[in-house]
Amino acid sequence: MFYPDMKRTISLPSSRTMRDSAVSRRSSSAALNVAAGLVGVLAVIPLAYMLIRALEADAAVWERLWSRQIPMLAGNTLALTATTVVLSVLFGIGAAWLVERTDLPGARVWRVALALPLAIPAYVAAICWLILLRRGGVIDQIAMEWLGFARGTFPLPQITNLWGATIVISLCVFPYVFLPVGAALRSLDRSLEEAARIAGLSAWTTFWRVVLPLAMPAAAGGALLVALYVLSDFGTVAMLRYRTFTLAIFQQFAGQVDRSAAAILSFILIGMAVPVLYGAAWLARRERRLSRTRWQPRRLVRLGRWRPLALLAIGALTFFSLGLPLLTLGGLTLQGWLFPTEVDRIWGVNNAGVLRHALNSVGLAAVAATGAIALAIFPALVAVRRPGRWSSLLLAACQSPFALPGIISGLSLVLLFNRWMPMLYGTLVVLAIGFVFRLLPQAVTANESALRVVSPSLEQAARTLGNDGIRTFQRVTLPVAAPGLLAGWVLCFVTAMKELPTVILLRPPGFDTLPVRIWVAASESVHTQAAPSAFALIAVTIVTLLIVTRYQAGMEKALSRS
């Protein structure tokens, strides 16, 4: 049946409307490029300034550092990076295979429990192990009181060395390998394994020749993240007194010995981090191309008589990475509150103090994560919607802060603001800026992944209906990309909650966060006062992860139904 009024309900855009829409698209595109370029320039400034300061240093300073410090620091840093990567890969791949590819009981529980160590900063774990294994510590006290050993005679492992630092850091960062490898093992095509078994390969040979090679891109990506973490770590090596570049840079700066020497050491460390960063970016692009495989339900390997041993291995890894730090911190917290010593009374860190430090940490992390995600929208949109040389250059600029460990990022901002904007130095503004650009690479990566979910045809349809760029982003792009953007915000928030060197260098007087209180108390060996702040830091991080993960799952279900 024909309705005469139908011609009034369907109207095509006029030529003038189409011309106006094209002009609007060009102007919005130019504005987006300008905003994204400005973000990229701001991201590069700290790196460029630090390199300039290093190159301007006197030749005698370079010669002194090359002859006395740099070879030893480079050897220590590379050794710690290599051993931590190897051990983290072994932990991550082994745990992922047991959880995802075998009939291990409680796979869902282990999957969550083995991801939670990411909420524990490595420097907090180092404090716990020092409390347990130092002379006069918990284990030494138990050996004297219960086993009858004389003071100082019970054999205790030494952790203030390369292997101690390797184990402590690996127990905190192996989820960087466990999570992507677990996801890869869940999504592998079962037909490949079945073809290998039909060809006569055993289950063990099939794992080595088929399953492991297909999971290696994910493992390599996680290993590169571990390497970047080790290169930028400051708190753990400082607690364990293992000299690496980050510790030497902080000592040069804090001791006011020679800031040009700190810049030179930063220059060397940046040079070590850049190849790792480039490898991570290359592998991420390669992994996107290789991940388009057809999924079939995986067939679980039956452990049989090996099941008790597998449970023991997974349980031990979970206990040492998650349970032991939580038990140690909980016990020390109760000891400081129920049986305070004179030192505890002098420090006077009570519930109100911990709450104030927690609010400072949460507020700073929330502001920094929000700012980083907001700024990262511009370069991420350019990368997703206009791929090319310009977007590649822009992404490289925005990823450049990844090559700056926290200690170098904070130092560069200290030198910049102290020289060019001294009125802002030592304020919350500088601290927030430092955190935002520290988080910017993570935010850009997360935003890029989230925006790729949005189909360009949806945005084109919205523009055809007369919406400009801003309105299209608000009504179409943002709602669809919201779950991914929220995941990126959570990642930035958790990173900011744990960040130590940036806040130490940039915080204004009297502004204490949980990491600062942990650092100050542990440096003075007042562990009963470091424990409450550390316990609160881990609790806030874990609760945030659980709440936002559940909220994100609800958003994804709502979008799938709509």
Side-chain angles (χ1 to χ4, degrees), residues 39-51 118 121-123 173 176 225 227-236 245-246 249-250 253 262 266 269-270 273-274 276-277 280 360-377 379-380 395-417 424-447 488-508 511 513-516 519 537 541:
V39 173
V41 170
L42 293 176
V44 170
I45 286 177
L47 175 62
Y49 182 73
M50 187 58 65
L51 297 182
L118 284 179
Y123 57 85
V173 300
Y176 286 126
L225 290 178
L228 285 173
Y229 184 97
V230 177
L231 290 174
S232 64
D233 180 78
F234 163 70
T236 311
F245 274 108
T246 53
I249 292 167
F250 179 79
F253 175 78
S266 301
L269 184 55
I270 292 170
V274 166
V276 179
L277 177 60
N360 288 344
S361 294
V362 171
L364 177 61
V367 169
T370 304
I373 291 294
L375 284 180
I377 287 290
L395 284 180
C398 293
Q399 295 286 352
S400 63
F402 249 145
L404 289 174
I407 190 72
I408 301 178
S409 178
L411 176 60
S412 63
L413 289 174
V414 166
L415 298 177
L416 269 171
F417 279 94
L424 292 180
Y425 178 70
T427 64
L428 285 175
V429 175
V430 177
L431 180 59
I433 292 174
F435 266 68
V436 166
F437 286 99
R438 176 79 173 134
L439 302 173
L440 186 63
Q442 292 177 328
V444 170
T445 302
N447 286 5
W489 187 92
V490 173
L491 176 64
C492 294
F493 178 84
V494 171
T495 303
M497 284 290 296
K498 300 188 296 181
E499 178 65 22
L500 176 63
T502 303
V503 71
I504 286 179
L505 291 175
L506 298 178
R507 69 188 178 102
F511 185 84
T513 60
L514 291 174
V516 170
W519 167 260
L537 174 61
T541 305

Practice task
Report yes if some heavy atom in the side chain of Tyr123 is under 4.5 Å from a heavy atom in the side chain of Asp233; otherwise report no.
Solution key: no
Exercise for the section: Report the residue from Trp519, Tyr229, Phe245 that forms a ring-ring contact (aromatic ring centres under 6.0 Å, His included) with Phe234. Expected result: Trp519
Practice task
With the side chain counted from C-beta on, respond yes when Leu506 and Leu413 share a heavy-atom pair under 4.5 Å apart, and no when they do not.
Solution key: yes
Exercise for the section: Measure the shortest side-chain to side-chain distance between Arg438 and Cys492 over non-hydrogen atoms and say whether it is less than 4.5 angstrom. Expected result: no
Exercise for the section: Start with the C-alpha distance between Ile433 and Phe417, add both sets of side-chain angles, then the distance that settles side chain to side chain contact (heavy atoms under 4.5 Å, CB included), and finish with yes or no. Expected result: CA-CA 11 Å; Ile433 292 174; Phe417 279 94; 4.0 Å; yes
Exercise for the section: Flag the pair Leu440 / Val39 as yes when at least one side-chain heavy-atom distance between them is below 4.5 Å, and no otherwise. Expected result: yes
Exercise for the section: Would you indicate whether the side-chain heavy atoms of Phe493 and Thr370 approach each other to under 4.5 Å? Expected result: no
Practice task
Taking all non-hydrogen atoms of both residues into account, name the closest pair between Ala397 and Val44 and its distance.
Solution key: CB-CG2, 3.5 Å
Handout entry: Ile45 and Phe437, any side-chain heavy atoms less than 4.5 Å apart
Key = no
Problem - Side chain to side chain, Pro121 and Leu500, heavy atoms closer than 4.5 Å - result: no
Exercise for the section: Output yes when a side-chain donor or acceptor of Lys498 lies under 3.5 Å from a complementary backbone atom of Pro515, and no otherwise. Expected result: no
Problem - Heavy-atom side-chain contact between Pro508 and Leu431 under 4.5 Å - result: yes
Exercise for the section: Determine yes or no for a side-chain-to-main-chain donor-acceptor pair under 3.5 angstrom, with Ser361 supplying the side chain and Thr513 the backbone. Expected result: no
Problem - Test log, rule side chain to side chain contact (heavy atoms under 4.5 Å, CB included), inputs Val367 and Phe435 - result: CA-CA 9 Å; Val367 169; Phe435 266 68; over 6 Å; no
Exercise for the section: Over all heavy atoms of both residues, which pair between Trp489 and Ala369 is shortest? Give the atoms and the distance, please. Expected result: NE1-CB, 3.6 Å
Exercise for the section: Compute whether any side-chain donor of one residue and acceptor of the other, for Thr502 and Glu499, lie under 3.5 angstrom apart. Expected result: yes
Fill in the blank from the handout: On a heavy-atom basis, the closest approach of Met497 and Leu537 is O-CD1, 3.3 Å
